[in-house]
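These notes concern the structure reproduced below.
Remember, predicted model here, so these are calculated numbers, not experimental data. All heavy atoms count here, side chains included; hydrogens, waters and symmetry mates do not.
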Amino acid sequence: MKVGVLTGGGDCPGLNAVIRAVARRSFTRGHEVVGVREGWRGLVEGRLELLGNREINGLLPRGGTIIGTSRTNPYKVDGGVEAVLETFSRQGLDALVAIGGEDTLGVATRLHAEHGFPVVGVPKTIDNDLSATDYTFGFDTAVFICTEAIDRLHTTAESHNRVMVVEVMGRHTGWIAVMSGIAGGADMILIPEQPVSVDDACKEIQRRHARGKDFSIVVVSEGYELDGGDDEQPAEVDEFGHVRLSERGVGARLAQEIEQRTGFETRVTVLGHVQRGGSPTPRDRVLATRYGLKAADLVHESRFGRMAALHGDAIVDVALAEATTELKTVPDDWFEVARAFFG
Ligand code: F6P
């Protein structure tokens with residue numbers, strides 16, 4: 001078989017570990033592996049490269065993706081879908097492993113449903129917002145990085161008697177904020193799924209300070225809407241049509257509000273893309289490796305339209321469509337764990 005592999009959407013730690021696992025298992029079966037450059041754009045433009053043992057050497061700990069990524073959506077490019085199908089057949093490909101989040105896998109789902117496209121999926125995203133899998137790879141690394149930052153902010157917050165606002169990624173879900181907030185001992189966590197208002201947050205901080213604590217750590221998810229969404233700022237959209245949430249500056253505006261309403265000196269740290277960069281944690285390396293092996297197995301068995309997924313501790317496969325129909329938001333019971341330590 002000739003197996004294509006592509007990485008789409010925002011990069012995340014562990015992409016290279018998946019590519020390595022797909023390639024290693026495919027090589028043992030005598031298959032060829034071809035890297036598609038920069039996500040779906042590579043199939044639209046016919047940019048592919050053969051991956052051999054040399055190319056996959058040393059990939060396990062390496063961040064980013066050696067084959068590049070993009071947010072190109074062939075359904076939004078004139079003649080894009082036809083170009084994808086044409087490249088695929090001209091290059092003699094038999095299968096594609098699409099490693100991506102909601103958008104990249106959404107395209108895979110549609111191509112499979114509408115054209116019988118032989119594709120299998122691997123769930124990637126630091127946001128952990130894909131349904132049908134307990135965890136996506138990349139998430140653990142992002143949480144680790146945010147937790148480390150919160151730990152560091154604690155010592156400086158304490159020294160200066162300040163409120164520290166930490167803005168983290170996560171798009172429209174608060175997974176990164178909740179997990180790193182719990183791990184880092186945040187005094188307040190604000191996420192899109194929970195209607196904790198700025199007013200409530202300020203009151204909680206004031207109560208905490210009245211009890212003798214001179215500093216507070218507030219973690220806010222980039223998708224949190226200050227005061228119910230009346231604050232919506234104009235922002236650019238990416239190629240998949242998503243608003244660039246980082247440009248709304250939620251962290252900075254929240255810090256300003258807290259300082260004005262409480263009188264406590266407040267600073268903001270926006271963690272941004274460091275959450276996605278660098279080497280994956282051991283947990284992400286292992287998860288990415290297991291996903292890659294599963295994807296290679298699905299390809300070998302011609303079980304297309306499926307996605308590797310984690311259920312409990314087991315790697316299983318689910319329908320691609322299941323993963324992309326709805327966002328996996330943070331359930332109330334997870335938020336309750338965090339809330340127990342507010343104030
Ligand atoms: O989906 C991953 C993610 O890092 C989100 O958390 C964030 O909103 C977005 O991508 C940022 O996208 P970009 O890299 O285009 O700025």
Margin query: Applying side chain to side chain donor-acceptor pair (under 3.5 Å), can you list everything that pairs with H172, at least two apart in sequence or on another chain?
Written below: none
Notebook entry, point to check: With sequence neighbours left out, what residues match F215 under ring pair (Phe, Tyr, Trp, His ring centres under 6.0 Å)?
Noted result: H154
Checklist line | Side-chain donor/acceptor of T87 to backbone N/O of L43, under 3.5 Å | finding: yes
Next item on the list: Hey, could you give me each pair passing salt bridge (Lys or Arg N to Asp or Glu O under 4.0 Å) that has a residue in residues 300-312? Not counting sequence neighbours.
Entry: E301-R303, R303-D317, R306-D317
Checklist line | Identified side-chain contact (heavy atoms from CB on, under 4.5 Å) counterpart of I205 within the set V218, D200, D187 | finding: V218
Check: T104 and I99: side chain to side chain contact (heavy atoms under 4.5 Å, CB included), yes or no, with the steps?
Finding: CA-CA 7 Å; T104 303; I99 311 167; over 6 Å; no
Notebook entry, point to check: Please, which pairs that meet salt bridge (Lys or Arg N to Asp or Glu O under 4.0 Å) have at least one residue in residues 149-161, sequence neighbours excluded?
Noted result: E148-R152
Next item on the list: Count the heavy atoms of every other residue, nucleotide or ligand shown that sit under 6.0 Å from NZ of K2, and state whether that count exceeds 12.
Entry: yes
Item checked: Closest non-hydrogen atom pair, T325 against E322 -> OG1-O, 3.6 Å
Item checked: Shortest non-hydrogen contact between T133 and P123, atoms and distance -> CG2-CB, 4.1 Å
Check: What pairs of residues pass the salt bridge (Lys or Arg N to Asp or Glu O under 4.0 Å) test when at least one of them lies in residues 329-340, not counting sequence neighbours?
Finding: E336-R339
Next item on the list: Hey, could you give me each pair passing ring-ring contact (aromatic ring centres under 6.0 Å, His included) that has a residue in residues 254-301? Not counting sequence neighbours.
Entry: H31-H300, H209-F264
Next item on the list: Determine which pairs satisfy salt bridge (Lys or Arg N to Asp or Glu O under 4.0 Å) with at least one residue from residues 59-78, sequence neighbours left out, and list them in order.
Entry: R71-D238
Next item on the list: Among V81, N73, L111, find the one that has a side-chain contact (heavy atoms from CB on, under 4.5 Å) with W40.
Entry: L111
Note to self: Determine whether D127 and F139 satisfy the following criterion, side chain to side chain contact (heavy atoms under 4.5 Å, CB included), listing intermediate values before the conclusion.
What the structure shows: CA-CA 6 Å; D127 304 332; F139 173 64; over 6 Å; no
Notebook entry, point to check: Looking at residues at least two apart in the chain, or sitting in another chain, which of them share a side chain to side chain donor-acceptor pair (under 3.5 Å) with E265?
Noted result: R162, R267
Check: For residues 42-58, which residue pairs qualify under side-chain hydrogen bond (donor to acceptor under 3.5 Å, both in side chains), counting only residues two or more places apart or in two chains?
Finding: E38-R47, E45-R47
Margin query: For R29, is there an ion pair with D297 - N to carboxylate O distance below 4.0 angstrom?
Written below: yes
Next item on the list: Sequence neighbours left out, what passes side chain to side chain donor-acceptor pair (under 3.5 Å) with D313? Give chain and number order.
Entry: none
Check: Checking T156 side chain against L153 main chain: does a donor-acceptor pair fall under 3.5 Å?
Finding: no
Margin query: My understanding is that only residues two or more places apart in sequence, or in another chain, count here; which of them pass side chain to side chain donor-acceptor pair (under 3.5 Å) with E114?
Written below: Y75, R110
Notebook entry, point to check: So, for V299 and A95, which heavy atoms are closest and what is the spacing to 0.1 Å?
Noted result: CG1-CB, 3.7 Å
Item checked: Over 12 non-hydrogen atoms of neighbours within 6.0 angstrom of CZ in F117 -> yes
Note to self: I'd like to know whether N128 forms a side chain to side chain contact (heavy atoms under 4.5 Å, CB included) with T173, so could you lay out the CA-CA distance, the side-chain angles of the two residues, the decisive distance to 0.1 Å, and finally the verdict.
What the structure shows: CA-CA 8 Å; N128 197 40; T173 65; over 6 Å; no
Margin query: Strictly distance-based, threshold 3.5 Å: is any side-chain N or O of T147 a donor or acceptor partner for the main-chain N or O of G184?
Written below: no
Check: Within the side chain of T281, is there an N or O that forms a donor-acceptor pair under 3.5 Å with the backbone of D284?
Finding: yes
Check: Can you list every side-chain hydrogen bond (donor to acceptor under 3.5 Å, both in side chains) pair that touches residues 94-103, not counting sequence neighbours?
Finding: D103-H242
Margin query: Just checking R37: does its CZ atom have more than 12 heavy atoms from other residues, nucleotides or ligands closer to it than 6.0 angstrom?
Written below: yes
